[in-house]
Q: 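Let me begin by handing over the structure; questions about it come next.
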2 protein chains.
Amino acid sequence: MKIDPESTADLSVQIAQSIKDAIISGELPVDERLPSESELADQFDVSRSSVREALKRLAAQSLIRTQRGATGGAFVNHLKFENAYHQQITTSSLLLSMNEVSFETACEARFTLERACVPLAAQRRTADQLATMRAETFRQSQPGLTDEAFCASDVAFHRALVDGADNPVLSYQLAGAVEAMQPLMNMITFSARDRAKIVDLHTKIADALESHDAETCDQILNDLMHYTTELAHSVFAKRKKDK
Amino acid sequence: MKIDPESTADLSVQIAQSIKDAIISGELPVDERLPSESELADQFDVSRSSVREALKRLAAQSLIRTQRGATGGAFVNHLKFENAYHQQITTSSLLLSMNEVSFETACEARFTLERACVPLAAQRRTADQLATMRAETFRQSQPGLTDEAFCASDVAFHRALVDGADNPVLSYQLAGAVEAMQPLMNMITFSARDRAKIVDLHTKIADALESHDAETCDQILNDLMHYTTELAHSVFAKRKKDK
DNA sequence: CAATTTTCATTTGTCTGACATTTAATGGTT
DNA sequence: AACCATTAAATGTCAGACAAATGAAAATTG
């Protein structure tokens, strides 16, 4: 692990990259302890501050964790899917809000990816995942639910569907698409009639998955996508008119 | 923007979170200049080092950029899809290598997601994207290509397919799935016969997209997935036997 | 001897102050 | 008006100090 004396980049960037490369290449295996900050400062021939800033960069990406004390130090993190979810969701949300992605485009992406999971989920869904979908659908039918709570339950329903595909890679990739839509969905106010329609579609989706009927499930998800898009259109149109 | 004096978390973590919240909520809009490091240190009542470590954390997530000089400072970044790709790919690659994800699982996820794009790509693919797919397929048919170059061209082919769906959100989400597979694919040595078979399937995929035939394209991608999985199986089996 | 307490060394976290470097604006000179 | 030197402001880097946490070793105690 060395840094290029010719480079004009900030030291902390170079050091972080150097350590990152060592982690990616496997030179530094999971749970390996890095040299102490002072030792790293000596090795790279820089000050401890620069090393610390580099380590903070890596920590922000969950590549390392630090512990204080005698046997403490910086350790290579075992990057787990659960931990990566949050970053994935935050980034996806920011991307949507900063790039003027239309509701339609985001919605299309979300349902397209979700529909891809359906054939697998129809085969593999567990009773437990089905129960979650039923429970969330029931919750959505309760009167007095706020729009936010309704949307949160909606996300939980669809995550259960995605998890039904029993593929952690899929679940991870979909987390961003599904959850990043929530802030957009939260902007919609759902009438009782809207909710009843969605609950109906959710029920049919669960039914289809229960009977391992991928084709029907796919069709209903397609319906749900179109219904959601129309709903958003009418809500946004109304809001524009009121203003 | 304040931090909790009761919290036991590191100062740089709290400060970073506080600024991050302000960015996500829109309180700090894109291209807004943050207060200088010294001003932030005063505001949060901490030292400049702690502020700097917090800013490095944010920079590592591309949430801010910094500029030196008189009119410099830290600015809220416009998070673009192109920039987010790399992080997405790095994270996906590390997740695959650290979580003992089987080749089969990763392959399934990748092709499942890619097949989801097919109906859209069959409708919307541009002549340009089709040309890219043809060109990469041609490159793959050249003798003397290293396995790495063959895989890289393979990735380029499939990215063109995904981009054909003309949905930036989809392209972003798929980047992780498609490119993170490359290191795994690179472990495979392709015989001339394997390559010919893949080139054949790629040609058929391009043909199907050219004639807007989503169904055929989907079937061939399914074939490609199974062929890839079998190929990997036989290669890994042989390697195990040799050892 | 065993259990407990104390001491101690190590490491990260935080603070202070200094200087280097970069950059744009300012003002003076030609 | 064009050019150049100065200057102020900001980040980047360094050095040194102390605080706080933590586990291990040493000392104490029953």
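Computed over heavy atoms, backbone and side chain alike; hydrogens, waters and symmetry mates excluded.
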Q: Determine, for A:Y85 and A:R159, whether the Lys NZ or Arg CZ falls below 6.0 Å from the six-membered ring centre while staying within 45 degrees of the axis.
A: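 Yes, a cation-pi geometry holds between A:R159 and A:Y85.
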Q: Take the protein atom CD of B:E37 and the nucleotide atom C1' of C:dT16, then report the distance between them rounded to whole Å.
A: 15 Å
Q: Could you give the CZ-to-P distance, from B:F75 to C:dT23, as a whole number of Å?
A: 13 Å
Q: So if I apply the salt bridge (charged side-chain N to carboxylate O under 4.0 Å, His left out) rule between B:R48 and each of B:E39, B:E53, B:E37, which one comes out positive?
A: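 The salt bridge (charged side-chain N to carboxylate O under 4.0 Å, His left out) with B:R48 is passed solely by B:E37 among B:E39, B:E53, B:E37.
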Q: To the side chain of B:A70, which of C:dA24, C:dT10, C:dT14 is closest?
A: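 Ranking C:dA24, C:dT10, C:dT14 by closest atom to the B:A70 side chain puts C:dA24 first.
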Q: Where the side chain of B:S36 is concerned, which of D:dT11, C:dT14, C:dT11 is the nearest nucleotide?
A: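 Minimum distance to the B:S36 side chain belongs to D:dT11.
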Q: On DNA chain D, nearest-nucleotide positions of A:L11 versus A:Q67: which is more 5'?
A: A:L11
Q: B:S50 and B:S12: which non-hydrogen atoms are nearest, and at how many Å?
A: O-CB, 3.7 Å
Q: Quick one: is A:T66 getting a side-chain N or O under 4.0 Å of the C:dG13 phosphate, OP1 or OP2?
A: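 Checking C:dG13 against A:T66, a side-chain N or O does come within under 4.0 Å of OP1 or OP2.
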Q: Within this structure, what is the CD1-to-C1' distance between B:I64 and D:dG12, rounded to whole angstrom?
A: 14 Å
Q: Rounding to an integer number of Å, can you tell me how far A:D10 CG sits from D:dT13 C1'?
A: 10 Å
Q: Anything under 30° is parallel, anything over 60° is perpendicular, the rest tilted; go ahead and classify A:F150 against A:F190.
A: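 Aromatic pair A:F150/A:F190 classed tilted.
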Q: I need the CG-P distance between B:D42 and D:dA9, as an integer number of Å.
A: 15 Å
Q: Mapping A:A9 and A:G69 to their closest nucleotides on DNA chain D, which lands nearer the 5' end?
A: A:A9
Q: Nearest-Å distance, CG (B:L40) to C1' (D:dA9)?
A: 15 Å
Q: Rounded to whole angstroms, how far apart are CZ on A:R33 and C1' on C:dT11?
A: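 Rounded to whole Å, this separation is 8 Å.
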Q: Nearest whole angstrom, please: distance from the C1' of D:dT13 to the CD1 of A:I3.
A: 12 Å
Q: Can B:D10 and A:K56 be said to form a salt bridge (Lys or Arg N to Asp or Glu O under 4.0 Å), step by step?
A: CA-CA 11 Å; B:D10 292 351; A:K56 295 313 152 206; 5.2 Å; no
Q: Go through the side-chain N and O atoms of B:D163 and B:S171 and say whether any donor and acceptor fall under 3.5 Å apart.
A: yes
Q: If you check the A:R68 side chain, which of D:dT13, D:dA20, C:dT11 turns out closest?
A: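 Among D:dT13, D:dA20, C:dT11, the one nearest the side chain of A:R68 is D:dA20.
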Q: Please determine, by modelled atom types, if A:E136 and A:S153 share a side-chain donor-acceptor pair under 3.5 angstrom.
A: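 Yes, A:S153 and A:E136 have a side-chain donor paired with an acceptor closer than 3.5 Å.
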Q: Near DNA chain C, which residues from residues 47-61 of chain A have a heavy atom under 4.0 Å away?
A: A:R48, A:R52, A:K56
